[in-house]
Amino acid sequence: MKTTKAILAGIIYTPSDVIENGVILIAGHRIAKVGPREQVKIPAGTTVIDNQDRLIVPGFIDMHIHGAAGHDLMEATTEAVSAVASYLARHGTTAYLATTVTASLDRTLHAARGLGEIIRASQSSHGASDKIAGAQPLGIHLEGPFLNAKKRGAHPVSQLRKPSVEIAERILDAADDTARIFTLAPELEGALTVLEYVRSRGLRVGIGHSNATFEEAERAIAAGATHAVHVYNAMRPFMHRDSGIIGAVLTDNRVTAELICDGVHVEIPAIQLLVKAKGIERVILVSDSSSGAGMPDGNYRLGNFTVHVAGGVCRTVEGNLAGSTITLDAALRNLASFTGLSYQQCLPCATLNPARILGLEEQKGVIAAGADADLAILDRNHYVTQTYVRGRPAL
Ligand SMILES: [Zn+2]
């Protein structure tokens, strides 16, 4: 395909390599070539976009997001998904997993069906005729309904269910096989049977909203759970003679760990401990944001209930934290400042690491020939000035 754009950059983090005075050639929705300017010839007739005073990094991937900009993804409409997609793009996020919250089975099936259709449509359009501008939905993250009532966080207790293969099957069918992650509490009776079933359907299993002991969490990991959602939050507390699910997540290399890095959900020493224990390559920054993200203080929806945002902190009426209002651009700046690691060292946590979990590391989360042209363009302080989603400017 013909090269259509050449983007000049002061610095490119691929993220593993640093290219100074670089250029990215884009053909259609893909990256055709990337390298230092003296080594990459720009074909005649190409539109040249000058970002020589900017840093270019892969677009961010948010694996756990419920909503933003006044919309909850459970609405499962083009309008709601469009609002979230353009909000995410403004913050450098170019791809995400639309995440459900526990609700009645009817509502969950409705959301899975609606989101499944939107995701299928975005996959078939090859980037040329997308109906929805902004970040691209890569699939669904099902959070619930098989969660532990003791660690439910914002998930409504009345809708939590005992693990059931039949219910899981109905939800996965409704989603038309667009679900990618299924999060459950592994200690519940029947959870391991559901775990094996959803794995057989090709999903990754996340553990969370859980009161599991170390042994119960390890049994789930041995059975194939590979991911832990918003680590520390809504988990049995870590005690030195009862290290629980957190003990398993911190010490078992088979598990990747989500982190809400807003400085509210997890305090800084616990973040440092997580990064030391897991290594930066197994930490995944997520927003877990709800419809109140990007909105003034007030009341918003999370699934079927009301949450209250005050000073950027989102809580249920009972006072439980109910997701964040953060975006991944800010989470990355926080992670670098909280850990003392460089921005480039932290970058995989929002790019390559989530892409790997989704099996998309050739296509997403990297700046390389053949990958999708998903780019975040940043100023010196790592604030987003422009975003490209599959070769198209999103701002
Ligand atoms: Zn959650």
Side-chain angles (χ1 to χ4, degrees), residues 62-68 72-74 84 96-103 107-108 111-112 139-161 163 171 179-188 191 203-212 217 220 225 227-237 244-246 249 255-262 264-266 270 274 283-293 300-309 313-328 331 354 357:
D62 194 345
M63 290 183 51
H64 191 150
I65 170 167
H66 297 281
D72 190 291
L73 288 164
M74 292 284 278
V84 173
Y96 65 101
L97 293 185
T99 308
T100 59
V101 66
T102 302
R107 240 183 97 75
T108 304
I140 301 174
H141 179 164
L142 295 160
E143 193 177 25
F146 311 137
L147 307 177
N148 192 321
K150 288 196 186 110
K151 295 290 165 196
R152 67 187 183 83
H155 294 255
V157 68
S158 60
Q159 306 295 352
L160 296 175
R161 288 169 176 271
I171 299 171
R180 295 282 167 263
I181 297 187
F182 199 112
T183 287
L184 48 72
E187 70 278 21
L188 299 179
L203 278 79
R204 294 243 163 195
V205 173
I207 50 177
H209 288 277
S210 164
N211 199 37
H227 188 64
V229 299
H230 44 57
V231 171
Y232 297 115
N233 299 114
M235 286 179 169
R236 179 191 192 87
I245 177 172
I246 294 172
V249 170
V255 183
T256 49
E258 288 183 5
L259 173 67
I260 306 174
C261 197
D262 61 355
V264 174
H265 279 73
V266 182
L274 181 75
V283 173
I284 316 293
L285 292 173
V286 295
S287 71
D288 193 18
S289 76
S290 63
S291 60
Y300 296 96
R301 309 296 291 171
L302 177 59
N304 214 16
F305 52 94
T306 302
V307 293
H308 185 73
V309 175
V313 180
C314 183
R315 294 183 187 275
T316 61
V317 282
E318 299 96 339
N320 288 345
L321 281 172
S324 83
T325 59
I326 202 172
T327 44
L328 295 188
I357 291 177

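What you see is a predicted model, and the numbers here were worked out from it, not measured in a lab. Each ligand, and each atom within it, is numbered from 1 in the order the structure gives.
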Measuring to the Zn ion (ligand 1), does H155 have an N/O/S atom at a distance below 2.8 Å?
no
Paired with T183, the side chain to side chain donor-acceptor pair (under 3.5 Å) test is passed by just one of H141, R204, H230, E143, namely H141
Under 4.0 Å between a side-chain nitrogen and a carboxylate oxygen: does that hold for R152 and E318?
yes
Determine whether V286 and D62 satisfy the following criterion, side chain to side chain contact (heavy atoms under 4.5 Å, CB included), listing intermediate values before the conclusion.
CA-CA 5 Å; V286 295; D62 194 345; 3.9 Å; yes
Taking all non-hydrogen atoms of both residues, which atom of I207 and which atom of A220 are closest, and how far apart?
CG2-CB, 4.3 Å
Minimum-distance N/O/S atom that E143 presents toward the Zn ion (ligand 1):
OE2
Angle at the Zn ion (ligand 1) between NE2 of H230 and NE2 of H209, to 10°?
90°
